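Notes for the one structure printed next.
For ligands, and for the atoms within them, numbers begin at 1 and follow the listed sequence. On a predicted model such as this, the values are computed, not experimentally measured, just so you know.
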Amino acid sequence: MDTPITDTIFARIVRGEIPAQIVYETDSVLAFHDIAPQAPVHVVVIPKTPVRDLVEASPDAEMLGQLLAACAEVARITGIGASGFRVVVNTGQDGGQTVGYLHAHVLGGRALSWPPG
Ligand code: 5GP
């Protein structure tokens with residue numbers, strides 16, 4: 001989490017320096033399969049403009065709306081939209097955020113338990 005944001009894995013994926021399996025892309029967001037999937041469908045959705053986390057992003061409601069809409073589009077594209085899915089934004093240390101670049105997880109393809117650990 002101390003990594004400068006422009007050096008994070010997700011910033012490098014946006015710049016095309018690290019390959020990713022792209023699922024969906026717009027001018028403002030990029031969605032790609034998680035490298036260590038926790039469900040049959042596990043896609044990471046990020047803004048193309050680097051921002052650290054949900055708190056830092058909170059003034060930009062337009063971008064956050066686009067991010068959330070992209071999650072729904074990813075669910076539709078991957079075929080989990082009808083059966084149901086989960087969107088998770090891990091934030092900060094206690095939230096389990098390991099990459100210091102805002103991202104939403106779209107998880108589905110199986111029944112997900114609640115509450116999370
Ligand atoms: P966090 O724990 O920060 O909420 O989620 C970070 C996610 O990024 C993890 O689910 C992890 O598997 C994923 N991840 C880490 N490195 C890479 C990578 O190089 N490529 C892809 N596609 N996902 C990654």
Side-chain angles (χ1 to χ4, degrees):
M1 283 292 290
D2 292 336
T3 306
I5 192 164
T6 51
D7 292 345
T8 60
I9 283 164
F10 295 164
R12 299 184 66 196
I13 286 175
V14 170
R15 293 198 299 269
E17 295 169 8
I18 292 179
Q21 282 183 272
I22 307 294
V23 175
Y24 177 67
E25 182 172 11
T26 70
D27 287 347
S28 57
V29 304
L30 186 65
F32 49 88
H33 289 287
D34 196 289
I35 203 168
Q38 301 301 310
V41 173
H42 186 174
V43 174
V44 176
V45 186
I46 63 173
K48 287 186 174 175
T49 300
V51 60
R52 184 59 79 178
D53 61 18
L54 188 59
V55 175
E56 191 176 294
S58 60
D60 193 348
E62 183 179 354
M63 181 277 286
L64 289 173
Q66 290 167 341
L67 192 75
L68 214 47
C71 291
E73 185 61 14
V74 164
R76 192 190 65 75
I77 290 168
T78 56
I80 59 172
S83 53
F85 59 96
R86 187 171 293 165
V87 176
V88 176
V89 182
N90 294 329
T91 306
Q93 191 174 345
D94 281 359
Q97 183 177 5
T98 60
V99 177
Y101 186 120
L102 174 65
H103 53 282
H105 299 260
V106 179
L107 297 145
R110 65 170 169 85
L112 299 165
S113 59
W114 189 265

Protein contact to [atom] [nearest heavy atom, distance to 0.1 Å]:
atom	value
atom 24 (C) of ligand 1	Ile35 CG2, 3.4 Å
atom 3 (O) of ligand 1	Thr98 N, 2.7 Å
atom 9 (C) of ligand 1	Asp34 OD2, 3.3 Å
atom 8 (O) of ligand 1	Phe10 CZ, 3.3 Å
atom 22 (N) of ligand 1	His33 O, 2.9 Å
atom 5 (O) of ligand 1	His103 NE2, 3.0 Å

Val106 and side chain to side chain contact (heavy atoms under 4.5 Å, CB included): which single residue from Val23, Val44, Ile80 fits?
Ile80
Under 30°, 30 to 60°, or over 60°: which ring-plane class applies to Phe32 and Phe10, parallel, tilted or perpendicular?
perpendicular
Is Ala20 near ligand 1, meaning one of its heavy atoms is under 4.0 Å from it?
no
Atom CD1 of Ile46 and atom CD1 of Ile9: how far apart are they, to the nearest 0.5 Å?
11.0 Å
As an exercise, state the distance from CG of Leu112 to CD of Gln38, rounded to the nearest 0.5 Å.
11.0 Å
If hydrogens are left out, which of Ile9, Val88, Val44, Val43 has an atom nearest to atom 19 (O) of ligand 1, that is, the closest non-hydrogen atom?
Ile9
Below a 4.0 angstrom heavy-atom separation, can you tell me which part of Asn90, side chain or backbone, both or neither, approaches ligand 1?
side chain
Between ligand 1 and Ile18, is the shortest N or O to N or O distance under 3.5 Å?
no
Using a 4.0 Å cut-off to any heavy atom of [X], which atoms of ligand 1 qualify?
X	value
Val99	3 (O), 6 (C)
Ala36	12 (O)
His105	1 (P), 4 (O), 5 (O), 7 (C), 10 (O)
Phe32	22 (N)

Main-chain N/O of [Y] paired with [X] side-chain donor or acceptor, under 3.5 Å:
X	Y	answer
Thr91	Val89	yes
Gln97	Arg52	yes
Tyr101	Asp7	no

Show me the pairs that pass salt bridge (Lys or Arg N to Asp or Glu O under 4.0 Å) and involve residues 18-40, at least two apart or across chains.
Glu25-Lys48
In chain order, what residues pass the salt bridge (charged side-chain N to carboxylate O under 4.0 Å, His left out) check against Arg86, with sequence neighbours excluded?
none
